[in-house]
Amino acid sequence: MRKLGNYFVMLTVAIMALFTTSCGGSDEDEVNLGTFIEYSNAQTFYETYAAYTGEKALIDYRSADKFAAGHLNGAVNMPATVFNTQADDAQWCVDLKAAYPTSTCLFFYGTGSFEMNKTVAGRASRIGYGKNNSRIYSKSYDDLKSIWK
């Protein structure tokens, strides 16, 4: 029985080590993302978007089915996931650059997930939009829909 307990402990440690290496972030991931402007207040995000006079785009990065169920007036859907935004040449990044010149100010909204928000806005910033043209609302779509005109 003691031998079985030792195997269980070793197996648990091995699984934890594997999980940490394959799923954990690294400092390199942080360096690879650019800086961006983040809004946590829905009203401020809306007012900033409405007042912006240059070329701009409102991008809903939720899934296509969530976008179809409801979205903000004027938004386009560009579904983003961690899997298609991990590299500068990932498909989502290629599609973004094909749709909008880097001089466009991108206003993103989607989920309340800190990691996903950081990935979307940070990757857009890194691939050429820069801090000032990569902006994100960091809370959920539900917070925005009631005030959006």
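Everything quoted here is computed from the prediction, not taken from an experiment.
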Quiz item: Hey, what do you get for OG (Ser125) to NZ (Lys118), rounding to the nearest 0.5 Å?
Solution: 13.5 Å
Quiz prompt | Ala80: partners by side-chain contact (heavy atoms from CB on, under 4.5 Å), with sequence neighbours left out | solution = Tyr61, Asn84, Thr85, Trp92, Met116, Val120
Exercise. For the pair Thr111 (side chain) and Ser113 (backbone), establish whether a donor and an acceptor sit closer than 3.5 Å, ignoring hydrogens and angles.
Key: yes
Quiz prompt | pair Leu58-Phe108: side-chain heavy atoms closer than 4.5 Å | solution = no
Quiz prompt | Nearest heavy-atom neighbours spanning Ser134 and Ala124 | solution = OG-CB, 3.6 Å
Quiz item: Can you find a pair of side-chain heavy atoms, one from Leu144 and one from Ser146, that are under 4.5 Å apart?
Solution: no
Quiz item: Can you list the steps and then say if Val76 with Phe67 is a side chain to side chain contact (heavy atoms under 4.5 Å, CB included)?
Solution: CA-CA 9 Å; Val76 296; Phe67 182 82; 5.6 Å; no
Quiz item: By ring pair (Phe, Tyr, Trp, His ring centres under 6.0 Å), which residues pair with Tyr137, not counting sequence neighbours?
Solution: Phe45
Exercise. Check whether any side-chain heavy atom of Ile127 lies under 4.5 Å from a side-chain heavy atom of Leu96, and answer yes or no.
Key: yes
Exercise. Treat each ILVMFWY residue as a node, draw an edge where side-chain heavy atoms are under 4.5 Å apart, and state whether Tyr52 and Ile136 are in one component.
Key: no
Quiz item: Sequence neighbours excluded, which residues qualify as side chain to side chain donor-acceptor pair (under 3.5 Å) partners of Tyr129?
Solution: none
Quiz prompt | Sequence neighbours excluded, every pair satisfying salt bridge (Lys or Arg N to Asp or Glu O under 4.0 Å) that has a member inside residues 131-140 | solution = none
Practice problem: Scan residues 89-104 for pairs that pass salt bridge (Lys or Arg N to Asp or Glu O under 4.0 Å), counting only residues two or more places apart or in two chains. | Solution: none
Practice problem: Specify the closest pair of heavy atoms between Pro79 and Ala64, including all atoms of both residues, with the distance to one decimal. | Solution: CG-N, 4.0 Å
Practice problem: Return the set of residues passing ring pair (Phe, Tyr, Trp, His ring centres under 6.0 Å) with Tyr100 (not counting sequence neighbours), or none when no residue passes. | Solution: none
Exercise. Report yes or no: does Asn133 contribute a side-chain atom to a donor-acceptor pair with the main-chain N or O of Thr102 at less than 3.5 Å?
Key: yes
Quiz item: Is there a donor-acceptor contact under 3.5 Å from the side chain of Asp60 to the main chain of Asn77?
Solution: no
Quiz prompt | Pairs where residues 36-56 contributes a residue and the test salt bridge (Lys or Arg N to Asp or Glu O under 4.0 Å) is met, not counting sequence neighbours | solution = none
Self-check item: By side chain to side chain donor-acceptor pair (under 3.5 Å) - contacts of Ser103 (at least two apart)
Solution: none
Quiz prompt | side chain to side chain donor-acceptor pair (under 3.5 Å) partners for Ser63, two or more places apart | solution = Asp65
Exercise. Could you check if a side-chain atom of Tyr141 sits within less than 4.5 angstrom of a side-chain atom of Leu72, using non-hydrogen atoms only?
Key: yes
Exercise. Please examine the side chains of Thr119 and Asn117, heavy atoms only from C-beta on, and report whether any two atoms are closer than 4.5 Å.
Key: no
Exercise. Not counting sequence neighbours, which residues clear side-chain contact (heavy atoms from CB on, under 4.5 Å) with Asn132? List them please.
Key: Ile37
Quiz item: In this structure, which one of Trp148, Tyr109, Tyr39 forms a ring-ring contact (aromatic ring centres under 6.0 Å, His included) with Tyr49?
Solution: Trp148
Practice problem: Could you state whether Leu33 and Val94 fall into the same hydrophobic cluster, counting links through intermediate Ile, Leu, Val, Met, Phe, Trp or Tyr residues with side-chain heavy atoms under 4.5 angstrom apart? | Solution: no
Exercise. Please list, chain by chain and in numerical order, all residues satisfying side chain to side chain donor-acceptor pair (under 3.5 Å) with Asp88, sequence neighbours excluded.
Key: Arg123, Arg126
Self-check item: side-chain contact (heavy atoms from CB on, under 4.5 Å) against Asp142, all qualifying residues, sequence neighbours excluded
Solution: Ser140, Lys145
